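Step one of this worksheet: look at the structure below.
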Amino acid sequence: MSRVALVTGAAGGIGSAIVARLEADGWLVHGVDVADADLATREGNRVVVDQALERFGRLDAIVPNAGFQHVSPIPDFSEDRWDALIAVLLTSPFLLAKYAWEALAASGDGRIVVISSVHGLVASPFKAGYVSAKHGVIGLVKSLALEGGPDGILASAVCPGFVRTPLVQAQIVDQARVHGLAEERVLEDVMLTPHAVKRLIEPDEVAGAVAFLLGDGGRAFTGAAIEMALGWTAR
């Protein structure tokens with residue numbers, strides 16, 4: 001029987017790469033994005049879990065991936081954007097796990113793989129909301145792992161550096177503004193500076209890590225933050 005995964009933020013970038021990779025590996029995937037539900041609400045998170053169960057009759061894995069960025073100095077940081085970042089990047093993974101828990105336990109091999117970020121391990125200026133939420137989700141994954149063990153549920157986080165996505169591209173204008181740089185200098189002088197290898201990570205590479213964690217090779221991983229940031233934290 002094919003295994004079933006729920007993937008959020010599935011319309012582009014990392015999310016669409018994950019959906020494509022899992023489907024190629026034989027998974028049935030319920031992919032959702034902003035057009036399908038408001039993941040900043042309890043109802044939206046419950047709906048997407050219920051839809052996956054109604055569509056496929058089971059749920060073996062969830063991949064909370066939906067997210068966005070907001071770049072601003074703290075004195076000017078929008079409080080509404082702060083609330084939205086915490087809701088989508090931290091509260092949504094909690095709610096998805098909560099609402100899917102019974103189905104994941106029934107699977108006998110339930111998996112939770114949250115797309116965090118290297119910013120769950122280290123900080124950068126002008127990203128207070130994103131950094132706080134991504135740090136928080138790594139703590140959440142540890143709790144999910146400890147509570148999930150008796151139910152056969154494994155939980156881990158994938159922590160990439162800068163990935164070639166529309167989310168990263170959309171940051172360039174704001175990064176140029178807050179750092180006082182020309183836009184064409186942002187990639188080299190800001191984004192790639194902490195990478196030991198000076199390139200962007202490709203969405204397919206992140207999808208490969210997720211596929212590994214959801215596969216047989218990932219059975220020993222739980223409570224783990226898997227860094228794939230081209231040497232960002234090696235210093």
Side-chain angles (χ1 to χ4, degrees), residues 1-67 87-116 137-138 140-158 203-204 206-224 226:
M1 180 181 295
S2 295
R3 287 165 59 75
V4 176
L6 166 63
V7 179
T8 66
I14 293 171
S16 62
I18 292 170
V19 171
R21 173 59 187 270
L22 294 184
E23 289 180 339
D25 288 351
W27 285 75
L28 300 174
V29 181
H30 186 66
V32 299
D33 211 282
V34 291
D36 304 294
D38 183 359
L39 295 178
T41 68
R42 296 174 187 175
E43 180 182 2
N45 285 277
R46 186 181 293 277
V47 162
V48 297
V49 172
D50 289 347
Q51 286 174 341
L53 290 169
E54 182 177 352
R55 180 180 177 188
F56 294 117
R58 61 182 292 155
L59 191 54
D60 302 283
I62 61 170
V63 185
N65 166 68
V88 175
L89 275 62
L90 177 55
T91 304
S92 175
F94 162 72
L95 292 173
L96 293 171
K98 173 183 171 66
Y99 299 147
W101 197 268
E102 183 176 349
L104 295 174
S107 162
D109 188 18
R111 309 285 177 98
I112 300 168
V113 177
V114 182
I115 305 305
S116 181
V137 88
I138 290 177
L140 171 64
V141 159
K142 293 177 181 179
S143 292
L144 295 175
L146 294 176
E147 293 191 38
D151 290 327
I153 299 171
L154 308 179
S156 293
V158 176
D204 286 349
V206 182
V210 173
F212 170 79
L213 290 169
L214 294 181
D216 290 343
R219 291 182 185 277
F221 291 82
T222 195
I226 311 301

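Treat the numbers as computed from the prediction; the structure is a model and nothing was measured. Positions are given from 1 along the sequence.
By the neighbour-count criterion of 12 heavy atoms within 6.0 Å, atom CD of E102 is sparsely surrounded, having that number or fewer from other residues, nucleotides or ligands.
The shortest distance between side-chain heavy atoms of W27 and D60 falls below 4.5 Å. Contact of the L96 side chain with the V49 side chain is registered, since non-hydrogen atoms from C-beta on lie closer than 4.5 Å. No side-chain heavy atom of L104 sits less than 4.5 Å from a side-chain heavy atom of D151. Two residues are said to be in side-chain contact when any heavy atoms from C-beta on lie closer than 4.5 Å; L144 and I153 fail this criterion. Using a 4.5 Å heavy-atom cutoff, the side chains of R46 and L95 are not in contact. Proximity of W101 to I112: side-chain heavy atoms (C-beta onward) are separated by under 4.5 Å at one or more points.
Considering all non-hydrogen atoms of both residues, A66 and V88 come closest at O-CG1, 3.8 Å. Closest heavy-atom contact between A100 and I62: CB-CG2, 3.9 Å. Nearest heavy atoms, A10 versus D33: N-OD2, 3.0 Å. Between L90 and L140, the shortest heavy-atom contact is O-CD2, 4.0 Å. The two atoms that bring S107 and R58 nearest to each other are OG-NH2, 4.1 Å, heavy atoms only.
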* **Trace of the side-chain contact (heavy atoms from CB on, under 4.5 Å) decision for L39 with V48** => CA-CA 9 Å; L39 295 178; V48 297; 4.2 Å; yes
* To do: Might you work through the side-chain contact (heavy atoms from CB on, under 4.5 Å) test for D109 and R219, ending with a clear yes or no?
  => CA-CA 9 Å; D109 188 18; R219 291 182 185 277; 3.3 Å; yes
* List the steps and the verdict of side-chain contact (heavy atoms from CB on, under 4.5 Å) for V113 and I18. => CA-CA 11 Å; V113 177; I18 292 170; over 6 Å; no
* To do: Could you check L214 against D25 for side-chain contact (heavy atoms from CB on, under 4.5 Å), going step by step and ending with a plain yes or no?
  => CA-CA 10 Å; L214 294 181; D25 288 351; over 6 Å; no
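Formation of a donor-acceptor pair under 3.5 Å by the T222 side chain with backbone atoms of A145 is not found in this model. Judged by distance alone, the side chain of S92 and the main-chain N or O of L89 form no donor-acceptor pair under 3.5 Å. Here the side chain of R111 pairs a donor or acceptor atom with the backbone of L213 at under 3.5 angstrom. Distance alone, capped at 3.5 Å, is enough to place a donor-acceptor pair between the N45 side chain and the T41 backbone.
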